[in-house]
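Order of the sequence lines sets the chain letters (A, B, ...), proteins ahead of strands, with each chain counted from 1. Computed from heavy atoms alone, side chains included, the values below leave out hydrogens, waters and symmetry copies. It should be emphasised that the depicted structure is a prediction, and the values quoted were computed from it without experimental measurement.
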Amino acid sequence: MARYEYGGDEFVFVELSEAMDLNINFKAMAITRQLKEENLPGILDICPSNASYMVRFDPDRIHPDKLISKLQGLEQSVSIDDFEISSRMVDVPVLFDDPWTHEALMRFRDRHQDPDSTDLEYVARINGFDSKEELIKAITDSPYLVSMIGFVPGLPWCYQMVPREQQIEAPKYVRPRTFTPERAFGLGGAFTVIYPVQGAGGYQLFGTAAAPIFDKDQRTYDFKDSITFPRQGDIFRYRSIDQKEYEEIRKTVEDGTFRYLTKDITFTPKQVLDDPKGFSEEVLRRLYA
Amino acid sequence: MIHVISPGLETTVQDTGRIGFYEVGMPPSGAMDKYSYTAGNLLVGNNESAASLEITYLGPVLEFQEDTIIAVTGGDIPPKINGKSVPMWEALEIKAGDKLSFDFVKQGARVYVAVAGGIDVPEIMNSRSTYTLCGIGGLNGGKLQENDKLQIGNEKVRDIQPGTRIADHLIPAFDKHHEIRVVLGLCSYRLTEESKERFFSIDWKVTPEANRVGYRFKGERLNFVERDQPFGAGSNPSNVVDLGYPIGSIQVPDGVEPIALLNDAVTGGGYATIATIISADLNMLGQVKTNETVRFVSVDIDEALAARNEVKEKLAEIKQNLSS
């Protein structure tokens with residue numbers, strides 16, 4: 001059952017489920033998209049999240065209770081069966097077990113569940129993998145849905161498109177770090193993230209993405225329309241790269257010629273939910289075709 | 001033009017905020033105490049959304065290089081022109097070459113310097129507000145620095161006579177103990193009944209970690225209802241599947257030290273939020289200092305909306321008084 005809550009006098013928060021589920025994420029996407037299309041007066045921000053969503057409104061123009069009944073109506077009427085997502089498949093190169101996140105995580109061992117191993121070793125062990133290489137293989141084998149954007153501008157929360165029993169899960173740091181390097185790739189709960197800018201953070205750190213996902217100066221092609229790159233509904237494939245390729249990509253970022261490998265895709269929730277493995281294979285085949 | 005002789009502790013350009021980009025993780029930023037900020041703009045005859053300077057704790061020294069009208073509103077950080085004390089909440093005449101400086105803070109935490117015409121910095125995503133974490137907005141994306149130069153804009157919409165004052169009953173008073181009203185909810189179901197009750201019955205002390213991102217409070221540990229954590233949330237009982245954080249929402253990571261998220265806060269994350277500060281009292285929280293105490297008071301949505309209308313009516317009264 002969805003919960004409708006007041007976030008003070010300017011926000012309504014709607015929790016569709018306490019647990020993460022692709023089904024629920026698609027439902028939140030469908031409701032918020034419909035709400036956007038209706039363009040109601042007094043709605044300031046529509047923020048879809050993983051298993052919930054939030055609306056910021058101007059109470060001088062729409063009463064929160066009127067907004068809530070509207071949202072309850074959408075919960076009933078909107079279905080993911082007739083919902084199509086048009087987005088991008090994106091190749092996201094990551095240098096796993098890299099020197100920068102390694103240095104950062106070593107500085108905060110006293111805040112970690114297992115101070116004697118690295119984050120990769122710890123998460124591999126608690127998820128039943130024999131080695132960190134196996135964990136990296138599981139992360140890179142199947143693509144992720146960008147299920148939510150936020151925290152800071154452009155940070156993508158990503159949820160892997162595999163059945164529940166294959167999901168990788170890990171606790172966040174016992175106490176958040178005060179430092180995380182820019183472009184760090186991490187995992188917390190059931191979500192991977194890329195930190196757009198240097199800052200605090202509590203996810204387990206696995207590597208560094210080679211290319212930016214946030215650029216306030218909009219220097220490269222991928223930022224020509226927006227200072228943030230990821231969009232909810234995108235499909236990210238994290239590809240493990242070596243130090244040499246990392247440095248080559250960094251050079252193209254610096255000289256302004258870098259461009260993400262992307263392909264457009266239109267899909268339905270049903271395609272993903274009915275056959276996640278088949279959908280993943282199709283994504284990888286088309287992305288690198 | 002305004003020459004920044006010394007920048008103070010943290011002086012930033014702020015306006016009503018960057019609305020409409022929450023979805024990509026962009027917090028609204030903007031003036032922390034919108035009542036004082038708006039009163040300042042009204043006092044100098046500006047458009048209500050013109051950009052002003054927000055000063056925290058320790059004021060800057062500014063040299064004006066042209067004649068203008070300014071107003072200083074907000075907490076009690078007494079202003080001086082050319083070393084001579086001048087009143088707050090009043091339209092003040094400035095001559096080219098005049099220097100504005102400040103005494104030590106007496107009450108409150110933030111003052112606003114409104115300048116007739118507003119502070120002219122480029123608009124980024126419909127706002128001139130500074131968001132320092134990502135270096136966006138304001139002057140070069142950060143707090144003012146020594147020798148910065150600020151341009152004055154053309155957001156003046158009416159002439160105000162120097163000496164015009166805000167009526168005393170419309171000037172807020174700031175204390176060292178504060179009652180801050182919140183609407184309980186969001187994920188408050190995660191707290192035990194006893195902890196919900198304790199949250200409203202003790203004084204919370206503001207820690208040094210209190211800035212435009214959020215305020216952290218010390219008091220006592222709050223406890224969460226035991227449960228098998230839902231899939232994807234993370235193992236700590238204060239964890240939830242990552243969700244959106246309203247401005248003013250209060251979270252309690254690991255049950256210790258509640259954090260109230262403010263204008264420059266992260267827009268989402270994985271901690272249970274338990275209540276949201278009402279918009280009328282966000283103005284007040286922006287004036288609370290480290291080591292002061294806060295008692296949270298639970299109100300329902302109708303009381304929150306009534307409090308919001310009171311703020312609006314006061315600003316309407318100021319506007320009325322200034323135009324008559």
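In this structure, the portion of A/Met54 lying under 4.5 Å from any heavy atom of chain B is its side chain and not its backbone. Contacts between A/Tyr6 and chain B at a heavy-atom distance below 4.5 Å involve backbone atoms as well as side-chain atoms. Heavy atoms closer than 4.5 Å to chain A are found in both the backbone and the side chain of B/Ile247. In this structure, no portion of A/Ile43 lies under 4.5 Å from any heavy atom of chain B. Only the side chain of A/Pro48 comes within contact range of chain B, judged by heavy atoms closer than 4.5 Å. Residue contact with chain B, scored on non-hydrogen atoms closer than 4.5 Å, involves the backbone and the side chain of A/Glu18 alike. When heavy atoms are compared at a cutoff of 4.5 Å, B/Ser279 approaches chain A by way of both its backbone and its side chain. Looking at A/Tyr4, there are no atoms closer than 4.5 Å to chain B (heavy atoms on both sides), in backbone or side chain. Proximity to chain A is limited to the side chain of B/Pro28, based on heavy atoms less than 4.5 angstrom apart. Within the 4.5 angstrom heavy-atom criterion, only side-chain atoms of B/Arg227, from C-beta onward, approach chain A. Proximity to chain B (any heavy atom under 4.5 Å) is shown, for A/Tyr53, by neither the backbone nor the side chain. Neither the backbone nor the side chain of A/Phe229 comes within contact range of chain B, judged by heavy atoms closer than 4.5 Å.
Among the candidates A/Leu44, A/Leu155, A/Val12, the residue making the largest number of heavy-atom pairs closer than 4.5 Å to chain B is A/Leu44. Chosen from A/Ile46, A/Val197, A/Val174, the residue pairing most often with chain B at heavy-atom distances under 4.5 Å is A/Ile46. Chain A forms the most heavy-atom pairs under 4.5 Å with one residue out of B/Asn236, B/Asn239, B/Leu184, and that residue is B/Asn239. Of all the listed residues (B/Pro246, B/Ala275, B/Gly269), the one sharing the greatest number of non-hydrogen pairs under 4.5 Å with chain A is B/Pro246. Chosen from B/Ala307, B/Pro27, B/Ser188, B/Cys187, the residue pairing most often with chain A at heavy-atom distances under 4.5 Å is B/Cys187. Among the candidates B/Ile277, B/Ile278, B/Val183, B/Leu243, the residue making the largest number of heavy-atom pairs closer than 4.5 Å to chain A is B/Leu243. Counting heavy-atom pairs closer than 4.5 Å to chain B, the top-ranked of the candidates A/Gln113, A/Lys216, A/His63 is A/Lys216. Taking B/Gly248, B/Ser235, B/Ala280, B/Gly141 one by one and counting their heavy-atom pairs under 4.5 Å with chain A, the maximum is reached by B/Ser235. For the options B/Asp242, B/Leu133, B/Thr276, B/Val266, heavy-atom pairs under 4.5 Å to chain A are most numerous at B/Asp242. Contacts with chain B were tallied for A/Gly199, A/Ser147, A/Pro176, A/Gly150; A/Gly150 has the most, counting heavy-atom pairs under 4.5 Å. Between chain B and the residues A/Pro171, A/Gly202, A/Pro59, the largest count of heavy-atom pairs under 4.5 Å involves A/Pro59.
A donor-acceptor pair under 3.5 Å links the side-chain atoms of A/Arg3 to the main chain of B/Leu186, judged by distance alone. No side-chain donor-acceptor contact under 3.5 Å links A/Asn50 to the backbone of B/Val241.
Atom-to-atom distance recorded for A/Ile149:CD1 and B/Glu23:CD is 8.5 Å, nearest 0.5 angstrom. Between the CZ atom in A/Phe13 and the OG atom in B/Ser249 there is a gap of 10.0 Å [rounded to 0.5 Å]. For the atom pair OH of B/Tyr245 and SG of A/Cys47, the computed distance is 13.5 Å after rounding to the nearest 0.5 Å.
We find that A/Asp60 and B/Arg308 are joined by a salt bridge, their nearest charged nitrogen and carboxylate oxygen being less than 4.0 Å apart.
Annotation for A/Asp45 and B/Phe21: closest pair OD1-N, 3.2 Å, computed over non-hydrogen atoms. The minimum heavy-atom distance linking A/Phe151 with B/Gly268 is given by the pair CD1-O, 3.4 Å. Nearest heavy atom pair, residue B/Ile301 against residue A/Asp9, reads CD1-CA, 4.0 Å. For the residue pair A/Lys172 and B/Val240, the shortest heavy atom distance occurs at NZ-O, 3.8 Å. Nearest heavy atom pair, residue A/Ser49 against residue B/Gly244, reads OG-N, 3.8 Å.
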For this session: Start with the C-alpha gap between B/Asp254 and A/Arg175, add the side-chain angles, then the distance that decides, and say whether side chain to side chain contact (heavy atoms under 4.5 Å, CB included) holds.
Result: CA-CA 8 Å; B/Asp254 196 33; A/Arg175 283 179 297 132; over 6 Å; no
For this session: Would you check, one step at a time, whether the test side chain to side chain contact (heavy atoms under 4.5 Å, CB included) holds for A/Val152 with B/Tyr131?
Result: CA-CA 11 Å; A/Val152 295; B/Tyr131 172 45; 4.1 Å; yes
For this session: Apply the test side chain to side chain contact (heavy atoms under 4.5 Å, CB included) to residues A/Ile227 and B/Ile136: give CA-CA distance (whole Å), side-chain angles for both, the deciding distance (0.1 Å), then the verdict.
Result: CA-CA 10 Å; A/Ile227 61 173; B/Ile136 285 171; 3.7 Å; yes
For this session: Would you please test A/Glu15 and B/Tyr189 for side chain to side chain contact (heavy atoms under 4.5 Å, CB included) and show each step?
Result: CA-CA 12 Å; A/Glu15 184 179 69; B/Tyr189 72 96; 3.7 Å; yes
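At most 12 non-hydrogen atoms from other residues, nucleotides or ligands lie less than 6.0 angstrom from CD of B/Glu226. Enclosure of atom NZ in B/Lys312 is not indicated, since only 12 or fewer non-hydrogen atoms of other residues, nucleotides or ligands lie within 6.0 angstrom.
Looking only at side-chain heavy atoms (C-beta outward), A/Arg56 and B/Ile19 come within less than 4.5 Å of each other.
Both tests hold for A/Arg164 against B/Phe231: distance to the six-membered ring centre under 6.0 Å, angle to the ring axis within 45°.
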